[in-house]
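A note on names: the letters A, B, ... follow the listed sequences, proteins ahead of strands, and every chain is numbered from 1. Heavy atoms only: backbone and side chains are in, while hydrogens, waters and symmetry mates are out.
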2 protein chains.
Amino acid sequence: MSGSQPGLGAAHASSRSAILDLIRAAGTISRVELTRATGLTAATISTVVRRLIDDGLVLEVGRAESTGGKPRMLLQLDPSARYAVGVHLDHAGITYVIANLGGAIVARWRRPGAGSDDPATVVARIAAEIRTTITRVGVDPARILGLGVVSPGPISASTGMTLTPPVMQRWAEFPLGAALEDAVGLSVLLDNDATAAAIGEYWSGGIATGSAFAALYMGTGIGAGIIVDGTVYRGSSSNAGEVGHICVDLDGPVCWCGNIGCVEVLAGPAAVVAAARDAGLELPGRNVAENFGALARAASRGEELPLQLLERSSRYLGVAAQTLANVLDLELVILTGPAFALAGSLYLPEIERRLGQSFFARGSHPVRVTISSNAPEAAAVGAAALVLQSELAPRQAGLRMPLELPLEVTAG
Amino acid sequence: MSGSQPGLGAAHASSRSAILDLIRAAGTISRVELTRATGLTAATISTVVRRLIDDGLVLEVGRAESTGGKPRMLLQLDPSARYAVGVHLDHAGITYVIANLGGAIVARWRRPGAGSDDPATVVARIAAEIRTTITRVGVDPARILGLGVVSPGPISASTGMTLTPPVMQRWAEFPLGAALEDAVGLSVLLDNDATAAAIGEYWSGGIATGSAFAALYMGTGIGAGIIVDGTVYRGSSSNAGEVGHICVDLDGPVCWCGNIGCVEVLAGPAAVVAAARDAGLELPGRNVAENFGALARAASRGEELPLQLLERSSRYLGVAAQTLANVLDLELVILTGPAFALAGSLYLPEIERRLGQSFFARGSHPVRVTISSNAPEAAAVGAAALVLQSELAPRQAGLRMPLELPLEVTAG
DNA sequence: CTAACTTTGTTCACTTGCCTAAGAATGCCA
DNA sequence: TGGCATTCTTAGGCAAGTGAACAAAGTTAG
């Protein structure tokens with residue numbers, strides 16, 4: 001809420017974005033269906049779609065079967081019309097992705113993390129990586145919309161981002177966005193991993209435009225990206241969805257955040273690994289992720305102790321997911337991120353069970369739970385989707401609308 | 001998500017609503033400030049404000065001090081331009097309110113609750129109450145915008161409302177809205193008490209348009225009304241903010257909702273009263289509310305056991321508030337509803353403490369906590385505000401916008 | 001006191017997004 | 001082959017918002 005806001009008036013081109021988004025969500029769709037979905041007239045749809053086709057974003061692909069008259073022309077996004085680069089920055093590793101308009105991954109690679117290197121050095125490395133791969137893959141640079149960069153933890157709008165306290169402290173005040181824009185020559189968007197993962201799912205998962213869902217992301221920390229009606233829910237300081245630090249046990253251990261009984265300190269990967277160590281298990285991995293993976297494999301094989309530990313963790317995550325669903329009235333929760341990539345199938349049943357018991361699951365609608373199809377690089381894919389979305393839905397952040405209408409009862 | 005949606009295109013008159021809402025939030029404001037806040041041009045503001053003045057909704061009240069040129073004309077809502085009736089329907093009692101555009105209460109009264117009476121009888125009683133009071137107070141019926149009706153628990157869009165399972169079961173399938181519209185002759189809006197209380201605070205509390213806040217409502221149950229950017233957050237089935245049934249103790253008692261360790265069963269008024277009884281305390285009241293009030297007074301006097309019980313309850317509610325703030329990234333939590341009206345000051349310190357420790361309280365922004373100034377009839381006032389708001393911001397529910405832009409980094 | 005300047009607010013012609021209405025295109029079926 | 005249904009396009013009009021010029025009402029400098 002800083003300074004003068006773009007506000008209303010900038011709300012134009014919104015139907016173009018809405019239509020593009022519907023085409024994305026549907027995969028292939030006809031003009032008639034677009035009129036029904038948007039509420040716009042056939043005439044408007046016609047002209048807007050014409051412009052989209054002229055701009056090369058949309059293709060006419062064949063015709064549907066006739067329903068008694070002229071058959072509908074089917075529309076689709078042209079996947080190779082635009083591209084975006086996504087980068088997931090973590091101290092464990094940097095994941096790169098180049099994605100096209102269809103949400104498909106054109107290139108994907110991984111390099112060692114930032115570690116203790118100087119931020120400027122890392123930025124130069126990232127820029128070189130991206131440039132060489134773009135030429136190698138043969139993507140027309142003019143069609144690349146931008147670069148999305150994603151990292152764990154809360155972000156600060158001013159400086160760029162504040163990473164989680166324990167690690168990468170020196171990045172806190174580094175102007176990452178501006179530096180990368182200079183180095184790579186692309187416009188840069190910054191966001192946190194959970195939000196990006198949610199957009200990634202929204203983008204490539206064919207999720208309907210009107211739904212409310214969350215991506216529960218477990219990686220270094222535990223967070224949630226929340227998308228409502230096709231819009232990211234950000235809250236008052238862009239830090240919504242901080243699931244890792246909700247309290248699920250008033251008598252629990254102290255978390256590094258200062259509170260007691262946080263989900264993260266009770267059930268996060270680091271906590272699970274630490275508990276295994278305390279119980280006397282030998283863990284050979286060099287970091288938490290590796291050890292967590294080893295525990296997940298051991299649990300899958302049926303080993304007693306790992307199984308117990310992961311079951312305990314999944315109970316807490318079930319509570320967190322249920323809390324999220326209760327507060328936000330979600331209809332879908334997607335498990336994603338590196339930790340769920342390793343152990344998602346162990347967590348799924350318990351989380352599913354709890355959400356099935358949820359207050360409204362019986363009354364109004366069920367809460368579905370799924371595991372992301374690309375959980376390991378969900379954040380990087382989401383970073384790219386972030387950029388794609390910002391092109392398809394170029395909407396000012398400050399645009400605000402007045403209060404929504406409550407349930408209206410129309411008199412007989 | 002049913003059928004064809006109103007969709008885009010119906011987005012007109014939105015700037016009129018936005019401007020009206022800004023005038024409401026500011027109390028008094030000039031045209032120049034409106035241009036800055038909305039992003040619209042001075043020309044647009046001029047014409048829209050002219051229409052608002054012609055319609056009698058806005059008044060020009062004096063001029064501001066000159067800043068070197070022509071002094072600004074100050075604008076204000078005309079409080080007596082419009083009125084709305086609010087009704088809070090609970091089995092304990094029915095609270096009525098007539099409020100004006102300024103959010104001020106013109107009339108307020110209370111009658112015995114629905115009890116076990118026939119719904120049709122109750123509707124007739126309500127209609128008679130409202131009609132006689134309108135004439136008694138002398139409000140011009142033509143200036144009454146409508147009737148807001150509010151009750152605890154989740155609502156079903158189809159039939160009207162579903163009240164909480166334990167009581168008033170026979171109301172579940174009664175078409176309350178339609179019946180009231182016929183009987184009273186006003187258009188009727190239905191919603192739940194927590195949401196209404198939140199709008200009430202938003203309306204009369206002078207809360208800024210851009211903020212994210214929640215009204216934590218403790219009455220029969222525990223719920224939260226969530227308002228983001230001046231819009232009610234409703235979720236996918238209008239049941240968002242169900243705080244009462246989030247789990248805060250995995251080893252806790254079973255709740256009537258089927259889950260374990262819900263806030264409501266651990267810390268709700270009924271739970272506090274039951275615990276007091278179990279501990280051997282004599283409680284003379286006829287219902288939970290009276291006994292809870294007695295306990296609150298005893299605790300204020302410093303009696304040991306009541307104090308302990310309420311402190312225990314406030315710890316759980318602190319967790320709930322913190323969870324809400326973490327998930328939604330709130331900047332303000334308002335305690336309201338009958339229970340907080342009785343014991344708010346006993347709850348405030350602990351809730352404040354917890355939110356002060358919250359993850360982002362230190363990093364980005366504090367989370368403020370206040371007690372509603374009119375907690376006892378917050379729901380009824382909110383019911384009226386609901387109607388006022390629906391006039392000031394006549395926005396279609398189905399209007400949906402594509403994804404919001406993430407943090408953009410502008411190069412050099 | 002007058003002239004120049006600043007800031008506020010209004011008027012008017014123009015653009016743009018969307019709508020209504022009419023018509024063109026393209027298939028099915030008698 | 002000629003209706004008929006359905007899809008899509010084109011043409012004219014309305015309304016919201018903009019930009020630019022202008023009018024109004026104050027302050028400040030001479």
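Atom-to-atom, CD1 of B/Ile29 to C1' of C/dT8 comes out at 15 Å; the value is rounded to the nearest Å. For B/Leu74 and C/dG9, the CG to C1' distance is 14 Å, given to the nearest whole Å. Distance, B/Arg16 CZ to D/dA16 C1': 14 Å, rounded to whole Å. Counting to the nearest Å, the P atom of D/dA25 and the CE atom of B/Met73 are 10 Å from each other. Between the C1' atom of C/dT8 and the CG atom of B/Leu75 lies a distance of 12 Å, rounded to the nearest Å. Remark: C1' of C/dA25 and CD of A/Glu60 are 13 Å apart, rounded to the nearest angstrom. Counting to the nearest Å, the P atom of D/dA5 and the CD atom of A/Glu65 are 20 Å from each other. Nucleotide C/dT10 holds its P atom 11 Å from the CD1 atom of B/Ile45, rounded to whole Å.
Nearest heavy-atom pair, A/Arg16 versus A/Val48, reported as atom, atom and distance to 0.1 Å: CA-CG1, 3.9 Å.
Of the candidate nucleotides D/dG17, C/dT7, C/dG27, C/dG27 has the atom nearest to the side chain of A/Arg63. In the set D/dT18, D/dA25, D/dT10, the nucleotide with an atom closest to the side chain of A/Ala43 is D/dT10. Side-chain proximity of B/Thr41 to C/dG9, D/dT18, D/dT7: nearest is D/dT18. Proximity note for B/Arg72 (side chain, C-beta onward) versus C/dT8, C/dC19, C/dT11: the nearest is C/dT8. Of the listed nucleotides (C/dG27, D/dC8, C/dC19), C/dC19 has the atom at the smallest distance from the side chain of A/Thr44.
At the phosphate of D/dT6, neither OP1 nor OP2 sits under 4.0 Å from any side-chain N or O atom of A/Arg31. At the phosphate of C/dC18, OP1 or OP2 sits under 4.0 Å from a side-chain N or O atom of A/Ser15.
Relative ring orientation between B/Phe213 and B/Tyr202 is described as parallel, the plane-to-plane angle staying below 30° on a 0-90° scale split at 30° and 60°.
When heavy atoms are screened at a 4.0 angstrom cut-off, A/Ser46 is found touching base atoms of the nucleic acid. B/Ser66 comes within 4.0 angstrom of the backbone, heavy atoms only, and of no base.
In terms of position on DNA chain C, the residue among A/Gly69 and B/Lys70 whose nearest nucleotide sits closer to the 5' end is B/Lys70. A residue-by-residue look at A/Gly68 and A/Ala42 shows that A/Gly68 has its nearest nucleotide of DNA chain D further toward the 5' end.
Of the possible donor and acceptor atoms, one in the side chain of B/Asp329 sits under 3.5 Å from a partner among the backbone N and O of A/Ser238.
In this structure, B/Asp191 pairs ionically with B/Arg234, as a charged nitrogen and a carboxylate oxygen lie closer than 4.0 Å.
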Exercise. Step by step, would you call A/Ser80 with A/Asn100 a side chain to side chain donor-acceptor pair (under 3.5 Å)?
Worked result: CA-CA 6 Å; A/Ser80 59; A/Asn100 66 19; over 6 Å; no
